[in-house]
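Working notes, structure below.
Owing to the predicted nature of the structure, the values given are computational and were not obtained by experimental measurement. Along the sequence shown, the residues carry numbers beginning at 1.
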Amino acid sequence: MFSEKTKKSLPKEPTKARLRNIALYYLERFETSKDNLRDVLRRRIDKFAFVNKEYNPEQAYIWADDIVEECAGKNFVNDERFAEFKISAYLRAGKSKKYIEQKLKQKGIDEKIITNFFDETEYNETEIAYNFAKKKKIGPFRESPEKREECRQKDFGTLIRAGFNFDTVKEILDNYDT
């Protein structure tokens, strides 16, 4: 049914030891949240279950949950540390608070953790939006005043879609000059 080459690329049956090795290898390379690690393990289980229709993945899902809790207990996975790392990186990249909150929620980070971090951090949306505009060379960073005026609506939309509020975008486009 399967060629020799195809057999080599087929996913292996998930065992508790194999799932633990997958989790540890993933954690060697990436900082992650508990939910994201659980998703990584479940995708591996689902990949095997897709190829082997008779396989029941319920026991493997239980193993995956146990492994995630084991990794969290040993502090290999820490949602607060992950959130702090990602928020810092996103702020350096000029991402808005809305964007950051949305991305962290997608990774399964609790809203309280996100709120606490923003409460403890000095967050200046105008400064972040300014850095974003500088990075994208839009608004006050366009080459000429004529080009700035010509592309004002486009720049406005870009900043709004990036998650910055109306007043901040208006301030960046109206009051900043390089």
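- To the nearest 0.5 angstrom, D167 atom CG is 12.0 Å from I172 atom CD1.
- Atoms OG and CD1, from S33 and I109 in turn, are 4.5 Å apart once rounded to the nearest 0.5 Å.
- Here the side chain of R92 pairs no donor or acceptor atom with the backbone of I87 at under 3.5 angstrom.
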Hey, mind stepping through D155 and R142 against salt bridge (Lys or Arg N to Asp or Glu O under 4.0 Å) and telling me if it holds? CA-CA 10 Å; D155 295 347; R142 291 213 180 259; 2.6 Å; yes
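- When side chains are defined from C-beta on, I67 does not count as touching I22, because their heavy atoms never get closer than 4.5 Å.
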Stepwise side-chain hydrogen bond (donor to acceptor under 3.5 Å, both in side chains) test for D66 and Y61: CA-CA 9 Å; D66 292 345; Y61 288 154; over 6 Å; no
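- For the residue pair D119/N116, the side-chain donor-acceptor check at 3.5 Å is not satisfied.
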Where do K105 and D110 land on the side chain to side chain contact (heavy atoms under 4.5 Å, CB included) test, with the steps shown first? CA-CA 7 Å; K105 286 177 187 174; D110 187 27; over 6 Å; no
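- Taken together through direct or relayed side-chain contacts under 4.5 Å among Ile, Leu, Val, Met, Phe, Trp and Tyr, F82 and V77 form parts of separate hydrophobic clusters.
- In this structure, K154 is not positioned above the aromatic face of F156 in the sense of NZ or CZ being under 6.0 Å from the six-membered ring centre and within 45° of the axis.
- The environment of NZ in K16 is crowded: more than 12 heavy-atom neighbours from other residues, nucleotides or ligands sit within 6.0 Å.
- In this structure, the separation between OG1 on T32 and NZ on K86 is 9.0 Å, given to the nearest 0.5 Å.
- Side-chain contact between I113 and F117 is absent, with no heavy atoms from C-beta onward closer than 4.5 Å.
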Step by step, would you call Y130 with T126 a side chain to side chain contact (heavy atoms under 4.5 Å, CB included)? CA-CA 6 Å; Y130 182 80; T126 305; 5.6 Å; no
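- A single hydrophobic cluster is not seen to contain both F48 and V51; linkage of ILVMFWY side chains at heavy-atom distances under 4.5 Å, directly or through other members, places them apart.
- Using a 4.5 Å cut-off between side-chain heavy atoms of Ile, Leu, Val, Met, Phe, Trp and Tyr, with links allowed through other members, L24 and L37 fall into the same hydrophobic cluster.
- Side chain of Y123 to backbone of K97: a donor-acceptor contact under 3.5 angstrom is found.
- The distance from the NZ atom of K170 to the CG atom of L159 is 13.5 Å, given to the nearest 0.5 Å.
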Go through the steps for R20 and E70 under the test salt bridge (Lys or Arg N to Asp or Glu O under 4.0 Å), then give the verdict. CA-CA 9 Å; R20 182 178 287 112; E70 180 184 323; 3.0 Å; yes
Run the numbers on R42 and D65 for side chain to side chain contact (heavy atoms under 4.5 Å, CB included), then give the verdict. CA-CA 9 Å; R42 285 181 177 230; D65 291 339; 3.5 Å; yes
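- Closest non-hydrogen pair, A162 versus Y99, comes out as O-CB, 4.0 Å.
- No side-chain donor-acceptor contact under 3.5 Å links N52 to the backbone of Y55.
- A donor and an acceptor atom, one from each side chain of N36 and Y26, are located under 3.5 Å apart.
- Taking the side chain as every heavy atom from C-beta outward, R152 and D174 approach each other to under 4.5 Å.
- More than 12 heavy atoms of other shown residues, nucleotides or ligands fall within 6.0 angstrom of atom CD in E143.
- At a threshold of 4.5 Å between non-hydrogen side-chain atoms, the residues K103 and I100 do not count as touching.
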Using the side chain to side chain contact (heavy atoms under 4.5 Å, CB included) rule, take V68 and L41 through it: C-alpha gap first, then chi angles, then the decisive distance, then the call. CA-CA 9 Å; V68 169; L41 295 175; 4.1 Å; yes
Check the pair K34, E69 against salt bridge (Lys or Arg N to Asp or Glu O under 4.0 Å), reporting the backbone distance first and the verdict last. CA-CA 8 Å; K34 287 169 52 174; E69 291 308 316; 3.6 Å; yes
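- Between the side chain of K53 and the main chain of F50, a donor-acceptor pair closer than 3.5 Å is present.
- Residue K98 holds its NZ atom at 7.5 Å from CD of E125, rounded to the nearest 0.5 Å.
- A donor-acceptor pair under 3.5 Å is absent between the side-chain atoms of R44 and the main chain of R18, judged by distance alone.
- For the pair T115 (side chain) and E111 (backbone), a donor-acceptor distance under 3.5 Å is present.
- L173 is connected to F132 through a chain of hydrophobic side-chain contacts under 4.5 Å among Ile, Leu, Val, Met, Phe, Trp and Tyr, so both are in one cluster.
- One N or O on the side chain of N165 and one on the backbone of T168 form a donor-acceptor pair closer than 3.5 Å.
- Here I128 contributes atom CD1 and L91 contributes atom CG; the two are 5.0 Å apart, rounded to the nearest 0.5 Å.
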Evaluate the salt bridge (Lys or Arg N to Asp or Glu O under 4.0 Å) criterion for residues K107 and D35: first the C-alpha distance (whole Å), next the side-chain angles of each, then the deciding distance (0.1 Å), finally the verdict. CA-CA 6 Å; K107 293 292 185 182; D35 280 358; over 6 Å; no
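- Placement of Y25 and L27 in two distinct hydrophobic clusters is found when ILVMFWY residues are connected by side-chain heavy-atom separations under 4.5 Å, directly or transitively.
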